[in-house]
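Below: the structure, in structure tokens.
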Amino acid sequence: SKVSMSMAPQLYQRLKNRTVIIDHHRRGEEFPENPLLVYIEPYASSTCELIAEMFEYQPRESKALNKLEATVMLTGIQIDTKSFTRNAGTRTFDAASYLRSAGADSELIEAFMKENRTDFMERNHLISNVSYVDDKIALCVGEDDRNYDPVTVAQAADMLLGVEGIVASFVIARRSNEVVGV
């Protein structure tokens, strides 16, 4: 639902007249024009939960998910719920159960969740520059001459929230030569 964060903006441009939006985030200011279908459910734990529900309630004659599809979707739920510890409700567990019955593979999920060394090192480099405000707020600032991936920045901020006594965390870093993100 936010084209600027898309991994494939060129693909969106080619198919924008055939866009379907399924999301668990609230609708923001930036939103594609004239989608064919919009299904936004902010109370869901993840978009994968919503899609799993759609598959689960299709007639039995329709083609079921294959093992890889079920595994990828269960991985998405696991990531969004931080392994079922955040925003996981009964709908989440129902969707997870459906995906397991469709063949989702927990060993493959573990392999998908492995992080590459570069991302790991970059996130930890950001965290190593942490300073604290009143021992309650964690603040990291990236190097001025370096661009950071927004996912890496978000992960660094999220990890700092796991530190005892920290109630808020902020990571300020360049996304491009023209953009600084918080």
Side-chain angles (χ1 to χ4, degrees), residues 1-9 21-31 40-52 71-97 99-100 104 106-182:
S1 65
K2 193 171 184 181
V3 178
S4 67
M5 292 186 68
S6 171
M7 293 177 71
I21 297 169
I22 303 170
D23 202 350
H24 71 111
H25 296 104
R26 293 188 193 328
R27 182 177 176 154
E29 285 183 34
E30 179 189 338
F31 199 78
I40 296 176
E41 178 57 70
Y43 298 104
S45 70
S46 73
T47 300
C48 290
E49 176 183 308
L50 296 172
I51 295 170
T71 301
V72 168
M73 290 173 61
L74 188 54
T75 303
I77 292 172
Q78 193 164 328
I79 289 168
D80 274 352
T81 62
K82 299 193 183 315
S83 297
F84 299 93
T85 62
R86 297 236 173 97
N87 302 322
T90 56
R91 286 175 62 181
T92 311
F93 289 102
D94 288 345
S97 175
L99 293 170
R100 285 290 287 172
S106 57
E107 288 180 21
L108 194 51
I109 290 172
E110 192 174 322
F112 286 158
M113 302 276 285
K114 293 242 182 227
E115 185 174 16
N116 73 52
R117 292 177 189 176
T118 303
D119 292 344
F120 177 82
M121 294 304 290
E122 189 166 273
R123 185 186 63 242
N124 287 322
H125 174 73
L126 273 170
I127 292 170
S128 72
N129 294 320
V130 68
S131 57
Y132 299 98
V133 179
D134 295 332
D135 290 329
K136 293 180 183 177
I137 300 170
L139 176 64
C140 290
V141 179
E143 295 172 18
D144 193 43
D145 60 344
R146 189 169 165 186
N147 294 336
Y148 294 84
D149 178 73
V151 173
T152 302
V153 170
Q155 288 173 339
D158 194 49
M159 285 188 75
L160 288 165
L161 288 174
V163 175
E164 186 178 0
I166 298 301
V167 297
S169 65
F170 300 92
V171 178
I172 303 167
R174 258 187 205 287
R175 291 193 182 175
S176 69
N177 291 336
E178 300 84 30
V179 177
V180 174
V182 180

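For this chain, numbers begin at 1 and follow the sequence in order.
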*What's the shortest heavy-atom distance between I109 and Q78, and which atoms?*
CG2-OE1, 3.5 Å
*Considering non-hydrogen atoms only, spot the tightest contact between R175 and G181 and give its length.*
NE-CA, 4.0 Å
*Checking T75 side chain against T71 main chain: does a donor-acceptor pair fall under 3.5 Å?*
yes
*With a 4.5 Å heavy-atom cut-off, do N177 and N147 have their side chains touching?*
yes
*With no hydrogens and no angle check, is any side-chain donor or acceptor of D134 less than 3.5 Å from a backbone partner on K136?*
no
_Does any part of the side chain of K82, heavy atoms only, come nearer than 4.5 Å to the side chain of D158, both counted from C-beta?_
yes
_Any side-chain heavy-atom pair of I21 and F31 under 4.5 Å_ = yes
*E115 side chain near R123 side chain, heavy-atom distance below 4.5 Å*: yes
*To the nearest 0.5 Å, what is the distance between CZ (F93) and OG1 (T81)?*
7.5 Å
_Tell me the closest heavy-atom pair linking A157 and S169, and the distance in Å._
O-OG, 2.6 Å
_Residue pair N87 / T92: nearest heavy atoms and the distance that separates them_ = O-OG1, 3.8 Å
*Mark yes when over 12 heavy atoms from residues, nucleotides or ligands other than F170 sit less than 6.0 Å from its CZ; otherwise mark no.*
no
_Tell me whether the count of non-hydrogen atoms from other residues, nucleotides or ligands lying under 6.0 Å of CE in M113 goes above 12._
yes
*Are L160 and I127 close enough, and set up right, to give a side chain to side chain contact (heavy atoms under 4.5 Å, CB included), and what steps lead you there?*
CA-CA 8 Å; L160 288 165; I127 292 170; 4.0 Å; yes
*asked:* Please find the pair of heavy atoms, one from R26 and one from P42, that lie closest to each other, and give the distance.
replied: NH1-CB, 3.1 Å
*Applying salt bridge (Lys or Arg N to Asp or Glu O under 4.0 Å), name anything that partners R146, two or more places apart in sequence or on another chain.*
E122, E143
*Working to the nearest 0.5 Å, report the span between CD1 of I166 and CG of L139.*
10.5 Å
*asked:* Rounded to the nearest 0.5 Å, what separates atom SG in C140 from atom OH in Y132?
replied: 7.5 Å
*Taking atom CG of L99 and atom CD of E49, what is their separation to the nearest 0.5 Å?*
10.0 Å
_Checking N124 now: which residues fulfil side-chain hydrogen bond (donor to acceptor under 3.5 Å, both in side chains) with it, not counting sequence neighbours?_
none
*Just by modelled atom types, is the D94 backbone N or O under 3.5 Å from a matching donor or acceptor in the S97 side chain?*
no
*Could you tell me whether the side chain of M73 reaches within less than 4.5 Å of the side chain of I77, counting heavy atoms only?*
no
*In Å and rounded to the nearest 0.5 Å, what is the OG to CZ distance from S45 to R86?*
13.5 Å
*Listed by chain and number, what are the side-chain hydrogen bond (donor to acceptor under 3.5 Å, both in side chains) partners of N116, not counting sequence neighbours?*
D119
*Are the side chains of D80 and C48 in touch, meaning some heavy atoms are under 4.5 Å apart?*
no
*Are any of the side-chain heavy atoms of R91 and L50 separated by less than 4.5 Å?*
yes
*Is the CZ atom of F120 crowded by more than 12 outside heavy atoms at less than 6.0 Å?*
no
